[in-house]
There are 2 protein chains.
Amino acid sequence: MAREQAGRRPTVETISAEAGVSVSTVSRALRNDPRISAERREAIAAIAQRLGYTPHANARALVTRRTGIVGFVTGSRSNPFYPQLLETLVERARLRALRIMPLHMSRDPLSESSIQALLQYQMDGCIITSAELSSRAADICQANEVPLVMVNRVPRLHGCAVSCNNFAGGEMIGAFLAAGGHRRIAIVLGTPNASTSSEREAGASQAAARAGLEILARVAGHSTYAGGFEAASVLWSLPERPDAIFCVNDIMAFGMMDGLRRLGVRIPEDVSVVGFDDVDQASWGAYDLTTVAQPVGDMVDRALDMLDMRIRRPGLAPEIAYLGGLLKVRSSARSAPA
Amino acid sequence: MAREQAGRRPTVETISAEAGVSVSTVSRALRNDPRISAERREAIAAIAQRLGYTPHANARALVTRRTGIVGFVTGSRSNPFYPQLLETLVERARLRALRIMPLHMSRDPLSESSIQALLQYQMDGCIITSAELSSRAADICQANEVPLVMVNRVPRLHGCAVSCNNFAGGEMIGAFLAAGGHRRIAIVLGTPNASTSSEREAGASQAAARAGLEILARVAGHSTYAGGFEAASVLWSLPERPDAIFCVNDIMAFGMMDGLRRLGVRIPEDVSVVGFDDVDQASWGAYDLTTVAQPVGDMVDRALDMLDMRIRRPGLAPEIAYLGGLLKVRSSARSAPA
DNA sequence: AAAATCTGCGCAAGCGTTTGCATAAACCGT
DNA sequence: ACGGTTTATGCAAACGCTTGCGCAGATTTT
């Protein structure tokens with residue numbers, strides 16, 4: 001019997017009383033179980049509709065052991081690529097009836113309570129995009145059998161990941177700069193030990209070498225605006241100045257351009273600057289940055305695919321996907337004459 | 001009896017078997033119920049610790065009717081203020097054992113499935129920061145008795161909100177510009193009908209009037225970079241050009257500055273530009289924008305306070321809090337001589 | 001010394017679902 | 001007319017936790 005508690009939302013039991021059938025029939029009808037006859041199913045659906053019934057995710061999770069919640073861990077917001085990724089992730093996840101729950105969004109170490117949340121809410125999986133935090137998070141997920149996919153980051157030993165093809169992207173940059181007649185290329189590196197940084201750098205270096213060019217200098221930029229800004233002074237005080245600067249991500253390129261302009265350097269007349277990521281600001285007038293666009297939508301979809309499969313079939317072998325980027329030519333770098 | 005199912009996490013029952021007490025005693029001990037004797041409590045805590053026990057949030061939510069999840073709805077990420085707000089929110093919520101779940105993060109209308117999520121997961125409350133979506137969301141929350149707090153936005157009729165004191169902030173800007181000797185102030189408006197935009201504009205207008213100044217022009221900027229960029233041409237082609245431009249948020253100020261520079265205008269020599277929000281980019285070298293900093297941390301805490309109270313005591317009267325902003329003087333605007 | 005209070009704990013119901021198994025009615029071929 | 005399959009539904013257990021109530025035994029009050 002439905003208890004008809006004052007202000008409570010309707011449950012399967014409310015519907016079952018209304019329809020004169022058992023709760024199991026209601027449950028099955030609502031989930032389109034073929035065993036329930038069509039007319040009953042429709043009758044039940046109509047009642048549910050009329051009552052404004054919504055299933056109770058917690059109760060369902062309790063029995064199915066699936067919550068539909070995916071944890072999200074990222075490093076600092078200082079790189080605008082990550083908010084962009086998160087927005088895409090939330091939207092794409094919604095289309096698969098998955099919800100994203102951000103567990104951690106700062107540069108601080110992963111707090112114990114964030115990890116507890118992952119377990120307490122019985123999340124179905126986890127997506128992580130931070131270079132610094134990935135090892136710790138990977139261990140925790142593995143220990144608790146929570147499927148994990150790293151995005152924009154490849155795992156040290158094993159684990160799933162989807163990433164832009166950073167090496168190929170770096171090559172595109174290197175080739176583009178060489179074709180543009182640049183002879184003295186400098187590279188600004190990002191987070192030390194991050195695969196994204198080193199792969200992009202390696203790709204660019206190789207393409208440069210193929211064009212008979214040595215990399216003039218490699219300096220640290222720490223994947224921050226300030227790091228790029230300071231790198232400008234460092235590079236411009238070199239005995240031999242670069243004629244092209246590849247910052248391995250856009251955020252450093254913005255700092256670099258601002259730093260150079262502060263020194264009176266003209267872009268791209270005196271030096272070309274290129275980045276990697278194609279965040280929103282890259283197309284802003286102040287920068288109009290030549291960069292490699294990461295296929296964020298595809299990356300997110302692929303990551304959710306991987307997660308989905310491992311939620312369904314735990315223990316599936318790890319997998320790594322590299323998706324190609326797209327060179328966006330803008331005005332921050334000299335191009336080859338057409 | 002504990003079933004000791006293969007790979008399952010320990011539950012209260014596992015612990016109760018181990019400790020030789022009932023599950024209710026375990027539950028109470030873990031929640032520090034004073035009725036349980038100290039030594040038992042410690043013994044149980046020790047076992048829980050040893051087993052790596054973590055309570056199951058869904059099961060708890062089922063009976064307590066509290067999930068600890070707070071929904072988050074925002075408009076487009078194009079204004080970097082919102083990612084910044086979200087990061088703060090996630091961190092501050094964590095300190096109160098609350099989790100944030102982003103339901104919607106794009107400019108599109110609120111989808112039905114996002115609303116469903118709010119109800120299915122039985123969220124304890126909702127925080128919304130989008131001007132466009134707030135009416136719809138407010139209706140839904142009210143209909144379902146979900147506490148709602150609007151941040152950076154005041155409600156049309158009733159409801160909770162916490163916002164920067166936009167009017168006072170606008171006044172600070174207006175007074176600052178007047179003191180700096182500016183005579184022809186233009187204002188770039190944001191999202192039409194948004195309270196943030198109109199209040200900031202009103203504050204600035206009033207302060208200007210107090211200094212004997214009329215506002216030269218008011219133009220639309222739509223709260224986007226591109227809107228600010230285009231507004232630059234509009235303002236600069238006016239018969240009488242402004243000597244100060246107040247963009248009601250930073251993102252438009254960036255577009256404005258880039259647009260002006262494209263026209264060869266020098267900042268602040270030819271015209272001063274000021275913004276509102278103090279997002280990260282405002283302190284970047286390219287802009288170094290004079291603006292009003294919103295007290296994001298305090299705003300978030302206050303919003304969570306409001307939510308907390310209404311979760312505990314449903315039906316509490318609506319409340320609106322205005323928190324003061326802080327003028328950040330940088331180099332994008334001429335100051336009064338010292 | 002009997003009655004009242006307190007202390008510490010267990011029983012069992014309940015939260016809203018799903019799902020394995022049982023059951024009853026209808027259908028099939030013979 | 002009968003055993004066997006199919007079809008549509010119900011029963012009840014289970015998921016893991018919280019909590020009202022009850023019940024001993026120890027302690028205090030009259």
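This structure is a prediction, so every number in the text was calculated from the model and none was measured. First the proteins, then the strands, lettered A, B, ... as listed; each starts at 1.
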J.: Tell me if the side-chain of B:Ser24 makes a donor-acceptor pair with the base of D:dC17, cut-off 3.5 Å, by modelled atom types.
T.: no

J.: Return yes if some donor-acceptor pair links the side-chain N/O of B:Ser27 with the main-chain N/O of B:Ser24 below 3.5 Å, else return no.
T.: no

J.: Would you call A:Asp33-A:Arg35 a salt bridge at under 4.0 Å N-O?
T.: yes

J.: Tell me which residues in residues 28-41 of chain B put a heavy atom below 4.0 Å from DNA chain D, sorted by number, or none.
T.: B:Arg28, B:Arg31, B:Arg35

J.: Could you check whether A:Asp305 pairs with A:Arg96 (Lys NZ or Arg NE/NH1/NH2 to Asp/Glu carboxylate O, under 4.0 Å)?
T.: yes

J.: Using only modelled atom types and a 3.5 angstrom limit, is any donor from either the side chain of A:Thr11 or the base of C:dC15 paired with an acceptor on the other?
T.: no

J.: Check this for me: does any side-chain nitrogen of one of B:Arg136 and B:Glu112 sit under 4.0 Å from a carboxylate oxygen of the other?
T.: yes

J.: Nearest to the side chain of A:Val63, which nucleotide is it out of D:dT18, C:dG16, D:dT9?
T.: C:dG16

J.: Using whole Å, report how far OH of A:Tyr53 lies from C1' of C:dT17.
T.: 7 Å

J.: Could you tell me the separation between the CD atom of A:Glu13 and the C1' atom of D:dC11, rounded to a whole number of Å?
T.: 14 Å

J.: Within less than 4.0 Å of OP1 or OP2 of C:dG16, is there a side-chain N or O belonging to B:Arg65?
T.: yes

J.: Answer with base, sugar-phosphate or nothing: what part of the nucleic acid does A:Thr54 contact at a heavy-atom distance below 4.0 Å?
T.: sugar-phosphate

J.: Nearest whole angstrom, please: distance from the C1' of C:dG16 to the CG of A:Leu62.
T.: 9 Å

J.: Of the listed nucleotides (D:dC17, C:dT19, C:dG16), which one gets closest to any side-chain atom of B:His56?
T.: D:dC17

J.: Which of the following nucleotides, C:dT19, D:dT9, D:dT18, is nearest to the side chain of A:Ser27?
T.: C:dT19

J.: Think A:Tyr121 has a side-chain N or O under 4.0 angstrom from the OP1 or OP2 of D:dG16?
T.: no

J.: Rounded to whole angstrom units, what separation is found between the CG atom of A:Asn58 and the P atom of D:dT18?
T.: 13 Å

J.: Using a strict 4.0 Å threshold on nitrogen-to-oxygen distance, state whether A:Arg9 and B:Glu145 make a salt bridge.
T.: no

J.: If you draw a 6.0 Å radius around CG in B:Asn193, do more than 12 non-hydrogen atoms from other residues or ligands fall strictly inside?
T.: no

J.: Checking side-chain contact (heavy atoms from CB on, under 4.5 Å) against B:Leu148, which of B:Pro155, B:Pro318, B:Cys126 comes through?
T.: B:Cys126

J.: Select from A:Val26 and B:Arg60 the residue whose nearest nucleotide in DNA chain D is closer to the 5' end of that strand.
T.: A:Val26

J.: Consider the side chain of B:Thr25, meaning its heavy atoms from C-beta on, and name the nucleotide among D:dC15, C:dC15, C:dG10 that approaches it most closely.
T.: C:dG10

